[in-house]
> 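Starting off with a structure, shown below.
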2 protein chains.
Amino acid sequence: MNQQLQGMTDEQAVEIFKALSNQTRVNILQMLKNPNVHFGTQAHIVKEEGFEGGICVSDIRSKTGISQSTTSQYLAILQQSGLLETKRIGQWTYYRRNEETIRQFEQYIRERL
Amino acid sequence: MNQQLQGMTDEQAVEIFKALSNQTRVNILQMLKNPNVHFGTQAHIVKEEGFEGGICVSDIRSKTGISQSTTSQYLAILQQSGLLETKRIGQWTYYRRNEETIRQFEQYIRERL
DNA sequence: TAGAGATATCGAAATTTCTCGATATCTAAA
DNA sequence: TTTAGATATCGAGAAATTTCGATATCTCTA
C-alpha cells in the first residue's frame, strides 16, 4: 500500500504536534505562509533554483526575537517533523513550507483524530 | 466580534498541540471517537443524562496501560485544552470528545496554520 | 589561503514534562 | 457512620525541552 493511500502514521503526527507545541515555531510556520507579507523587500526570498519562497535563517531570526542558535534548532525541528523543507544555496540555508506534509497533516486531523 | 467568527486563538491552538504531543493522549482521543468499538459491552458508556458517549476513567485506564493517576492527569490535560468535556455522575467521572473544539481546531489548521 | 559572514553544533543551566506510588476526596451502599 | 470503590491531587525522581553563548563548519571573496 503506497504512501498516498496510507497517509500519515500516528508517530509522524505526534512528531508534528511536538514541533508545533511552541508558540515561536508556530509563528515561524505561519510567517512562511506569506513570505512577501512578513519579510520585506530587503529579505532574501528565493525566486530561482527551484526553491521559490525559501527564506534564509537570518531573515527568519530577525522576525522571531530568539537567538541565532535557537532559530537554527527550531528550523531543524520543523524540518525533521516534515513541516519545512530546506536547501543550501551558497552560504545561505533557505527554508520553506512543505505543503504536501501540511496537506497530509490536515487530512490526518480530519480523518484520524 | 463573537467566537464563531473569531475562531481559535494561537494560544488555544498551542495548548492543543501540547496536549497531543504524547502518543497515549492521542490514542485516548482516538478511542473516544468510537466508544462502542473500543470499549466492550461491559464498559460504562453513558446513554442518558445528556452525556451520551461518555466513558469513565477506569474504562479508559484499562485500555492505555498507564497508571490510574497518570490516566487522570492525561484526561485533565485533554479537558483543559478543550478537546474533551467531562461530567461527574455518581462516583464516576465520564469523559467524551468536545466535537465543537475539535471542529474549530480543524478549522485553525486549515485556515491559519 | 585568510578572513568574513551565514549556519550548525556543542555544552550547560533552567524549566517543563513524564510517570509513578501514596494519599486525599467524593459518593454510594451496608 | 463506616467502608469500599472511583477519581483527583500531591510529591518526587527521571527524562525531555528550552534557550543561550561559545565554538565549529561551510562558502564566498579579497
Side-chain angles (χ1 to χ4, degrees), chain A residues 10-11 14-29 32 39 42-46 48-49 51 54-81 83-96, chain B residues 10-11 14-29 32 39 42-46 48-49 51 54-81 83-96:
Chain A
D10 288 329
E11 288 71 20
V14 169
E15 280 310 297
I16 291 178
F17 289 135
K18 285 185 188 175
L20 295 175
S21 66
N22 173 290
Q23 183 67 68
T24 301
R25 291 195 295 264
V26 170
N27 290 344
I28 290 171
L29 193 65
L32 290 175
F39 302 93
Q42 80 289 356
H44 305 135
I45 305 180
V46 179
E48 55 246 351
E49 308 232 22
F51 207 71
I55 304 286
C56 72
V57 178
S58 48
D59 283 342
I60 294 168
R61 176 207 190 317
S62 71
K63 290 290 187 179
T64 55
I66 55 179
S67 73
Q68 184 271 323
S69 61
T70 302
T71 303
S72 182
Q73 272 189 254
Y74 279 10
L75 289 168
I77 288 168
L78 287 164
Q79 187 252 308
Q80 283 154 25
S81 80
L83 289 169
L84 296 186
E85 51 190 358
T86 184
K87 181 176 189 179
R88 180 123 198 183
I89 301 177
Q91 64 196 135
W92 291 277
T93 306
Y94 294 95
Y95 286 87
R96 69 177 181 187
Chain B
D10 288 328
E11 288 72 21
V14 169
E15 281 310 298
I16 291 178
F17 289 134
K18 285 184 188 175
L20 296 175
S21 65
N22 174 289
Q23 183 67 67
T24 301
R25 290 195 296 262
V26 170
N27 290 344
I28 290 172
L29 193 64
L32 290 175
F39 302 92
Q42 79 289 356
H44 305 136
I45 305 181
V46 179
E48 55 248 351
E49 309 231 24
F51 207 71
I55 304 286
C56 73
V57 179
S58 48
D59 282 342
I60 295 168
R61 177 207 191 316
S62 72
K63 289 291 186 178
T64 56
I66 55 180
S67 73
Q68 185 272 323
S69 61
T70 301
T71 304
S72 182
Q73 273 188 253
Y74 279 11
L75 289 169
I77 288 168
L78 287 165
Q79 188 252 310
Q80 282 153 25
S81 80
L83 289 168
L84 296 186
E85 51 190 359
T86 183
K87 182 175 188 178
R88 180 123 199 183
I89 300 177
Q91 62 196 135
W92 291 276
T93 306
Y94 294 95
Y95 286 87
R96 68 177 181 187

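Numbered from 1 within each chain, the chains take letters A, B, ... in sequence-line order.
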> Between D:dT19 atom C1' and A:I77 atom CD1, what is the distance in whole Å?
11 Å
> What nucleic acid atoms does B:R61 come within less than 4.0 Å of, heavy atoms only: base, sugar-phosphate, or nothing?
nothing
> Between the protein and nucleotides 8-11 of chain C, are there any N/O to N/O pairs under 3.5 Å, and if so, what are the atom names and distances?
residue, atom, partner, partner atom, Å
C:dA8, OP1, A:Y95, OH, 3.2
C:dA8, OP2, A:S72, OG, 2.7
C:dA8, N7, A:Q68, NE2, 3.0
C:dA8, N6, A:Q68, OE1, 2.8

> Counting side-chain heavy atoms from C-beta on, which of C:dA6, C:dC18, D:dT18 comes nearest to B:N22?
C:dC18
> Let me know the distance between CD1 of B:I66 and P of C:dT17, rounded to the nearest Å.
17 Å
> Taking side chain to side chain contact (heavy atoms under 4.5 Å, CB included) as the definition, give me every residue that meets it alongside A:T93, ordered by chain and number, with sequence neighbours left out.
A:V57, A:T86, A:R88, A:Y95
> What's the NE2-C1' distance between A:H44 and C:dT7, to the nearest Å?
14 Å
> Expressed as a whole number of angstroms, how long is the span from A:F17:CZ to C:dT17:P?
17 Å
> May I ask you to test the A:L32-A:I60 pair for a side-chain heavy-atom distance under 4.5 Å?
yes
> Using side chain to side chain contact (heavy atoms under 4.5 Å, CB included) as the criterion, list what pairs up with B:A43, not counting sequence neighbours.
B:F39, B:I45, B:D59
> Between A:G90 and A:S67, which residue's closest nucleotide on DNA chain D lies nearer the 5′ terminus?
A:S67
> Do any pairs count as a salt bridge (Lys or Arg N to Asp or Glu O under 4.0 Å) and have a residue in residues 65-79 of chain A, sequence neighbours left out, and if so which ones?
none
> Would you mind reading off the distance between B:I89 atom CD1 and C:dT27 atom P, rounded to a whole angstrom?
13 Å
> Find the distance B:Y74:OH to C:dC20:C1' and express it as a whole number of Å.
11 Å
> Would you say B:L84 and B:L29 make side-chain contact, with heavy atoms under 4.5 Å?
yes
> Who are the side chain to side chain contact (heavy atoms under 4.5 Å, CB included) partners of B:E85, not counting sequence neighbours?
B:F51, B:R96, B:N98
> With sequence neighbours excluded, what pairs up with B:V26 under the side chain to side chain contact (heavy atoms under 4.5 Å, CB included) test?
A:V14, A:F17, A:Y108, A:L113, B:L20, B:Q23, B:Q30
> Return the 5'-most residue of the pair A:W92, A:T71 with respect to DNA chain D, ranking by each residue's nearest nucleotide.
A:T71
> Quick one: B:Q23 CD to C:dT17 C1', roughly how many Å, whole number?
16 Å
> Rounded to whole Å, please give me the gap between CD1 in B:I55 and P in D:dA6.
15 Å
